[in-house]
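These notes are about the structure you will find just below.
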Amino acid sequence: MLSDNFVFERGLIHAAEGLSGSARAPLNAVARPQSLADETYRQLLMQLEMGLWQVGSKLPPEMALAESLGVSRPVVREALARLKADGRIETRQGSGAVVADRNKIAAFRFAKSGGVGTTEPEADAADIAEREMLELRQIVESGAAELAAKRRTDADVAAIHAAVDAMDGALEKKSDGSDVDDAFHNAIAAATHNAQLTKFVEFVGAQFSASRKATWDKTGYGVGITEVGQDDHRAILKAIDGGDAAKAKRLSHAHVQRAIDRVNRRIDERAVVVVVTDKKV
């Protein structure tokens, strides 16, 4: 393995010589990681998140990345394989690794609800997409709550409790608590001690967050959805803390069902309007 001094020095080198055009991109050096492959993956992912390489552009060759990060080519290759599995890069014949369009390949792209000027077919499609996302939430979150109640530790319960307290604070101020709502569900996923489930919930967290925001917006406060939702959160916490897996699952399922019912009512009301309009014609 290369010396630490060399790692730090090479970390200052511009590693984007393999990019098309004259753009150059600095990478941070990998310094004494527990796993070189993990740290290399983290560094490359950070550069992608920062937009250092644009969609469709080539990443530097493996050798350039290896030299810049002070690691071997097999380590870089392993990190690139993980990025490809995550959908962050694509490999093209003769072009090497290319930054992928996440919007094009995302498995869980979430359609927005219809707004002013939206046609009825568009509104129906948006609501169906929202319902499908909520159904996914329901399956994942109820299962996670059940497993968390069986496996939770004192530290897990403390993390879930902290999120509930933070949502109580948002509720008191009538502010947006969707971020801490996300933290609540992430904490429950972590309490399952199932690494794949935890990563899955984190992966689709931004999409789940979009369906949670309705609870914390002006309308949600106005019609009382926020208070009801927070009551659900407290009850779910209590069931998990008490180790009641069946109750935790049932409460979590019912919590999301309220939102599914609201979407179904929108779809049904629109269908009634269409029928009445057709009869008048």
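Every heavy atom of this structure was used, including side-chain atoms; hydrogens, water molecules and symmetry mates were not.
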[X] and [Y] ion-paired at < 4.0 Å:
X	Y	value
Glu67	Arg73	no
Glu130	Arg266	yes
Asp168	Arg234	yes

Side chains of [X] and [Y]: closer than 4.5 Å at any heavy-atom pair?
X	Y	value
Ile89	Val98	no
Asp179	Phe184	no
Gln230	Glu227	no
Lys247	Leu251	yes
Arg152	His193	no
Val76	Met63	no
Ile240	Ile188	yes

Original post:
Is there a donor-acceptor pair under 3.5 Å between the side chain of Gln47 and the backbone N or O of Leu52?
Top reply: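 No; judged by distance alone, with no hydrogens or angles, the pair does not exist.
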Subject >> Asp181 and Lys213: CA distance, side-chain angles, deciding distance, side chain to side chain contact (heavy atoms under 4.5 Å, CB included) verdict >> reply: CA-CA 9 Å; Asp181 199 335; Lys213 283 189 178 295; over 6 Å; no
**OP:** Following the transitive rule for hydrophobic clusters with a side-chain heavy-atom cut-off under 4.5 Å over Ile, Leu, Val, Met, Phe, Trp and Tyr, establish whether Val180 and Ile160 coincide in one cluster.
**Re:**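 Val180 clusters together with Ile160.
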Original post:
Side chains of Asp241 and His161: do they bring a donor and an acceptor to under 3.5 Å?
Top reply: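 No, no side-chain donor-acceptor contact under 3.5 Å.
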Original post:
Looking at Arg250, Arg258, Lys238, Arg212, which hits salt bridge (charged side-chain N to carboxylate O under 4.0 Å, His left out) with Asp232?
Top reply: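 Of the listed residues Arg250, Arg258, Lys238, Arg212, the salt bridge (charged side-chain N to carboxylate O under 4.0 Å, His left out) partner of Asp232 is Arg258.
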Original post:
To the nearest 0.5 Å, how far apart are CG in Asp217 and OG1 in Thr226?
Top reply: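 Between atom CG of Asp217 and atom OG1 of Thr226 there are 7.0 Å.
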Original post:
Taking the inter-plane angle between the rings of His255 and His185 on a 0 to 90° scale, is it parallel (under 30°), tilted (30 to 60°) or perpendicular (over 60°)?
Top reply: parallel
